[in-house]
Amino acid sequence: QVQLVESGGGSVRPGGSLRLSCTASGFTFGSYGLAWVRRPPGKEFEWVSTINAGAGDIIVFNASVRGRFTISRDNARNTLYLEMNSLKPEDTAVYYCVREVNWLTFDYWGQGTQVYVSS
């Protein structure tokens with residue numbers, strides 16, 4: 001069955017960096033667009049970034065993270081990445097790796113990984 005497993009979360013000071021990974025199985029990884037979605041404490045889910053299927057040459061970011069976050073994929077390793085730099089306290093959230101079937105339409109979610117940014 002489809003599985004998405006995130007890793008790499010943790011606690012970091014403002015201005016710091018983290019790299020999230022998402023390892024996928026149970027489907028043809030390269031054939032699907034993928035995205036990161038986060039849920040800050042006490043708030044609604046917020047889309048973060050999308051990368052298209054195949055070569056991953058079409059990338060879109062939420063304005064709140066543009067210029068600080070980088071999304072990439074390694075189809076040979078069935079792995080999605082989110083490189084997060086210049087982290088801010090408002091980036092604190094549970095981050096989810098999701099499979100995207102249409103623009104902002106997701107059919108499978110990982111279990112999430114916690115990112116905590118605080119001094």
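All residue numbers refer to positions in the sequence shown, counting from 1.
With Ser64 contributing its side chain and Asn62 its backbone, the two residues share no donor-acceptor pair below 3.5 Å. Side-chain atoms of Arg39 never come within 3.5 Å of backbone atoms of Val94 as a donor-acceptor pair (strictly under, hydrogens ignored).
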Subject >> Full working for side-chain contact (heavy atoms from CB on, under 4.5 Å) between Phe106 and Val37 >> reply: CA-CA 10 Å; Phe106 314 121; Val37 174; 3.7 Å; yes
Original post:
Can you check side chain to side chain donor-acceptor pair (under 3.5 Å) on Glu100 and Thr105, steps first, answer last?
Top reply: CA-CA 6 Å; Glu100 190 169 83; Thr105 303; over 6 Å; no
**OP:** Might you work through the side-chain contact (heavy atoms from CB on, under 4.5 Å) test for Trp36 and Ile51, ending with a clear yes or no?
**Re:** CA-CA 9 Å; Trp36 291 95; Ile51 186 167; over 6 Å; no
**OP:** Take Tyr32 and Phe27 through the test ring-ring contact (aromatic ring centres under 6.0 Å, His included) and record every step on the way to the result.
**Re:** CA-CA 9 Å; Tyr32 286 85; Phe27 65 101; 5.4 Å; yes
**OP:** Determine, stepwise, if the pair Val5 / Gln111 fulfils side-chain contact (heavy atoms from CB on, under 4.5 Å).
**Re:** CA-CA 7 Å; Val5 180; Gln111 84 288 351; 4.2 Å; yes
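Linking Ile, Leu, Val, Met, Phe, Trp and Tyr residues whenever their side-chain heavy atoms come within less than 4.5 Å leaves Trp103 and Ile71 in two separate clusters. One hydrophobic cluster, built from ILVMFWY side chains closer than 4.5 Å, cannot hold both Leu104 and Val48; they sit in different ones. Cluster annotation: Phe61 is not connected to Ile58 through the hydrophobic network of ILVMFWY side chains, with a link wherever side-chain heavy atoms come within less than 4.5 Å.
In this structure, Arg73 is not positioned above the aromatic face of Tyr81 in the sense of NZ or CZ being under 6.0 Å from the six-membered ring centre and within 45° of the axis. Because its NZ or CZ atom is not both nearer than 6.0 Å to the ring centre of Tyr96 and within 45° of the ring axis, Arg38 does not count as a cation-pi partner of that residue. Cation-pi geometry between Arg99 and Tyr108 is not met at under 6.0 angstrom from the ring centre and within 45 degrees of the axis.
The distance from the OG atom of Ser49 to the OH atom of Tyr95 is 11.5 Å, given to the nearest 0.5 Å. For the atom pair OG of Ser11 and CG of Leu87, the computed distance is 11.5 Å after rounding to the nearest 0.5 Å. Atom CG of residue Leu4 and atom CG of residue Leu80 lie 8.5 Å apart, to the nearest 0.5 angstrom. Atom CG of residue Asn78 and atom CD of residue Gln3 lie 12.5 Å apart, to the nearest 0.5 angstrom. Remark: Asp91 CG to Ser118 OG distance equals 12.5 Å, nearest 0.5 Å. For the atom pair CG of Asp57 and CG of Asn52, the computed distance is 5.0 Å after rounding to the nearest 0.5 Å.
Glu6 has its side chain out of reach of Leu20: every pair of non-hydrogen atoms, C-beta onward, lies at least 4.5 Å apart. Residues Val98 and Trp47 have side chains not in contact (no heavy-atom distance under 4.5 Å, counting atoms from C-beta outward). You'll find the side chain of Pro14 stays beyond 4.5 Å of the side chain of Lys88, heavy atoms only. Counting heavy atoms from C-beta outward, Asn85 and Phe69 have side chains that stay 4.5 Å or more apart. Looking at heavy atoms from C-beta onward, Leu18 lies in side-chain contact with Val115 at the 4.5 angstrom threshold. The shortest side-chain heavy-atom distance between Pro41 and Thr92 falls under the 4.5 Å cut-off.
Among all heavy-atom pairs drawn from Ser21 and Thr79, the shortest one is CB-CG2, 4.3 Å. Here the closest non-hydrogen pair linking Val2 and Gly26 is CG2-O, 3.9 Å.
A donor-acceptor pair shorter than 3.5 Å cannot be found between the side chains of Glu83 and Ser17.
No more than 12 heavy atoms of other residues, nucleotides or ligands sit less than 6.0 Å from atom OH of Tyr116.
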